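Below: one structure, written as structure tokens.
Computed from a prediction, not measured in an experiment: that's the story for all the values here. Remember, it's 1-based here, ligands and their atoms both numbered in the order they're listed.
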Amino acid sequence: MKKNKAYKFRLMPNKTQADLIERTIGCARFVYNCMLADKIKHYKDTRLLLRNTPAQYKDEFEFLKEVDSLALANSQMNLETAYSNFFRRVKQGKKEVEFPKFKSKKKCSWSYTTNNQKDNIRIENNKIKLPKIGFVKLIQHRRILDDHIIKSVTISKTRTNRYYISILIEYETQIVKKDIEKVIGLDFSMKELYVDSNAYSANFPRFFRLAQEKLTKEQRVFSHRKPGSKRYEKQRIRVAKIHEHITNQRKDFLHKESHKLANSFDMICIEDLNMRAMGQCLNFGKSVSDNGWGMFTTFLKYKLEDQGKQLFVIDKWFSSSKMCNVCGCVNKGLTLADREWTCGCGNIHNRDHNAAINIRNFGIRTVGMTGIAQECL
Ligand SMILES: [Zn+2]
């Protein structure tokens with residue numbers, strides 16, 4: 001069975017290489033915007049789909065010839081996906097369909113993707129060879145095995161002028177399905193990430209909270225700086241650095257937690273958060289406030305599957321918090337503020353712990369019935 005995996009490393013280009021990376025990112029964005037503009041114009045004139053390629057722009061804009069052509073090809077592919085979505089919706093007769101957005105230097109990520117063809121991307125002596133750029137120093141904290149094939153790489157520059165490379169590899173693996181003996185349920189918690197069915201809660205470490213407080217403080221300072229001034233720019237970098245630091249800390253924590261769980265259990269049961277939100281009419285802001293839960297479940301899933309284990313996702317809403325895990329009675333009057341409650345059967349429940357037990361039991365029941373758990377991630 002073929003599987004994919006991505007590794008992300010810090011890249012240390014020299015000045016010339018950094019310039020070229022930046023130019024490639026700029027060209028990839030430029031060609032995207034040119035092609036999009038022409039597509040839109042063509043659509044407005046004829047109501048038809050324009051098929052254009054980066055090559056068509058190289059005579060007019062000679063600088064496009066200097067950068068990795070596969071970076072431009074990937075830009076085109078991204079645009080084709082976005083544009084065909086737009087076109088499909090128009091054809092379906094949907095009203096007020098918006099054109100795909102232009103890529104702005106301010107808002108969009110600074111990155112480009114290129115593909116490995118005939119070993120033109122390879123790692124040698126802590127350096128990675130990139131098309132047009134040459135051998136760039138790599139800080140490699142994890143080894144990529146020899147039989148793992150590099151498919152593509154994405155080179156990115158952060159707001160604090162650091163460079164990273166994400167390497168997508170493909171490898172062959174034989175996974176033996178593991179018997180399900182040890183099962184655990186996790187209940188999502190905004191503050192603590194999760195509470196499990198053994199009443200353990202994974203709390204974000206203290207240094208993580210401190211960094212978050214620091215970020216809030218520095219952001220406040222930033223909001224008072226005058227745009228365009230030197231102090232503004234200095235503060236912008238300071239805020240961006242804390243941001244990056246927090247992102248890394250969070251990711252690191254999520255890796256450790258998921259690693260620990262995936263090694264200790266054969267099946268992990270969770271609720272689909274969207275279902276939960278719908279059930280409780282909670283408005284989770286998508287990216288900010290899940291506090292890494294989405295990333296965490298992605299890590300869990302692949303770390304379990306690598307070992308022939310499984311992540312069981314409950315994809316329908318059931319009253320995990322309101323149901324007593326002992327007698328099955330549902331406490332309809334339970335509100336979000338109630339952290340603890342007593343069931344008619346006499347059992348006292350911690351809200352999250354009780355929910356985690358119900359989630360675990362639901363998983364065991366379902367898998368026991370069908371033999372194979374249904375997944376929906
Ligand atoms: Zn009860």
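When only modelled atom types and interatomic distance are considered, D68 and T114 share a side-chain donor-acceptor pair under 3.5 Å. Side-chain polar atoms of D338 and T335 form a donor-acceptor pair below 3.5 angstrom.
Panel detail: the Zn ion (ligand 1) has protein N, O or S atoms under 2.8 Å away, 4 in number.
Residues that satisfy the side-chain contact (heavy atoms from CB on, under 4.5 Å) test with H245, not counting sequence neighbours, are Q249. For T53, the side-chain contact (heavy atoms from CB on, under 4.5 Å) test picks out A55, Q56, Q76, with sequence neighbours left out.
Relative orientation of the F208 and F204 rings is parallel, given thresholds of 30° and 60° on the angle between their planes.
Within the structure, every pair that satisfies the side chain to side chain donor-acceptor pair (under 3.5 Å) test and touches residues 1-17, not counting sequence neighbours, is listed here: K15-D19.
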